[in-house]
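Reckoned from all heavy atoms, side chains included, excluding hydrogens, waters and symmetry mates. On a predicted model such as this, the values are computed, not experimentally measured, just so you know.
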Amino acid sequence: MKQATALIAAVSAACLAGPALAQSDMTENPAATATLANSDGQNVGEVKVFEAAEGVLIRVTAEGIDEGWHGFHLHETGDCSAVDFSSAGSHYAPDGKAHGTLTDNAPHAGDLPNVHADAEGKVAADVTSVALTVDGDAAPMMDDDGSAFIIHQGPDSYGEEAGAGPRIACGVVEAAS
Ligand SMILES: [Cu+2]
């Protein structure tokens, strides 16, 4: 019984710590954001970008995505106007590297790890990139023509061809206000 009481006390303390931790949450002030829409124009999620000491931290949340793994990239043009999101162009690769996280002479700066949607169609992932920046340096998201995050129908192979299939969600990167 003493053990059970101690356990309850520990759980209560953990719960009480929640709001205090939230106040110092480093993820409250993104440097850039993107609102993800599907090809019907419906809002399906958002991306928040935080400047790290080196590169960026990217948080993506989405819903209404088919269960399973999905390619997630930063594409080279900040334009999601085409229904198939082809207007966003190719993967962002200002450094001229090749595609494929698991290949030589790679990856594209815009290559990011696949994200997973659960059985409820929800995606929640944090990924870091030491190649990308919000502004300045070798691969800034906010270059002259901007950039856009894309979620694909299928997973990236991490090989020389992404093979991730159609683009199912797109969001233009915008400086946070
Ligand atoms: Cu892509």
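- Using a distance-only test at 3.5 Å, with no hydrogens or angles considered, a donor-acceptor pair links the side chain of Glu76 to the main chain of Ser90.
- Cluster membership for Leu57 and Val134, using ILVMFWY side-chain heavy atoms within less than 4.5 angstrom, is not shared.
- Atom CG of Asp156 sits about 3.5 Å away from atom NE2 of His73, to the nearest 0.5 Å.
- Remark: Phe72 engages Phe149 in a ring-ring contact (aromatic ring centres under 6.0 Å, His included) (not counting sequence neighbours).
- Remark: side-chain polar atoms of His108 are not paired, donor with acceptor, to backbone N or O of Ala93 under 3.5 angstrom.
- Put simply, OG on Ser39 and CZ on Arg167 are 12.5 Å apart, with the number rounded to the nearest 0.5 Å.
- Under the 4.5 Å side-chain contact rule for hydrophobic residues, Tyr92 and Phe50 do not share a cluster.
- Val44 and Ile150 fall into different hydrophobic clusters, defined by Ile, Leu, Val, Met, Phe, Trp and Tyr side-chain heavy atoms under 4.5 Å apart, directly or through other members.
- Counting only residues at least two apart or in different chains, salt bridge (charged side-chain N to carboxylate O under 4.0 Å, His left out) contacts with residues 109-135 comprise Arg59-Asp126.
- Going from atom CD1 of Ile151 over to atom CG of Asn114 covers 11.0 Å, rounded to the nearest 0.5 Å.
- Looking only at distances, a side-chain donor or acceptor of Thr103 sits under 3.5 Å from a matching main-chain atom of His99.
- One hydrophobic cluster, built from ILVMFWY side chains closer than 4.5 Å, holds both Val47 and Val127.
- Among residues at least two apart or in separate chains, disulfide bond (SG atoms under 2.5 Å apart) pairs with a member in residues 48-167 are Cys80-Cys170.
- Of all the heavy atoms in Gly68 and His70, the pair that sits closest is O-CD2, 3.0 Å.
- The nearest pair of heavy atoms linking Pro30 to Lys48 is CB-CB, 3.9 Å.
- Within the 4.5 Å cutoff, no side-chain heavy atoms of Trp69 are placed close to those of Pro113.
- One hydrophobic cluster, built from ILVMFWY side chains closer than 4.5 Å, cannot hold both Phe85 and Val115; they sit in different ones.
- In terms of heavy-atom proximity, Ser129 sits nearest to Ala109 at OG-O, 4.3 Å.
- Of all non-hydrogen atoms in Asp66 and Ala117, the two that sit nearest each other are O-CB, 3.3 Å.
- Atom OG1 in Thr101 sits 8.0 Å away from atom CG in Leu112 (nearest 0.5 Å).
- Around atom CG of Asp144, no more than 12 heavy atoms belonging to other residues, nucleotides or ligands sit under 6.0 Å away.
- When side chains are defined from C-beta on, Val60 counts as touching Leu36, because their heavy atoms get closer than 4.5 Å.
- Using a 4.5 Å heavy-atom cutoff, the side chains of Thr33 and Glu46 are not in contact.
- When side chains are defined from C-beta on, Ile58 does not count as touching Leu74, because their heavy atoms never get closer than 4.5 Å.
- Taking the six-membered ring wherever Trp is involved, the centroid distance between the rings of His75 and His91 falls below 6.0 Å.
- Between the side chain of Asp79 and the backbone N or O of Ser81 there is at least one donor-acceptor pair closer than 3.5 Å.
- For the atom pair CD (Glu160) and CG (Asn105), the distance works out to 9.5 Å, reported to the nearest 0.5 Å.
- Atom CD1 of Ile65 sits about 4.5 Å away from atom CD1 of Ile168, to the nearest 0.5 Å.
- At least one side-chain heavy atom of Thr133 sits less than 4.5 Å from a side-chain heavy atom of Pro140.
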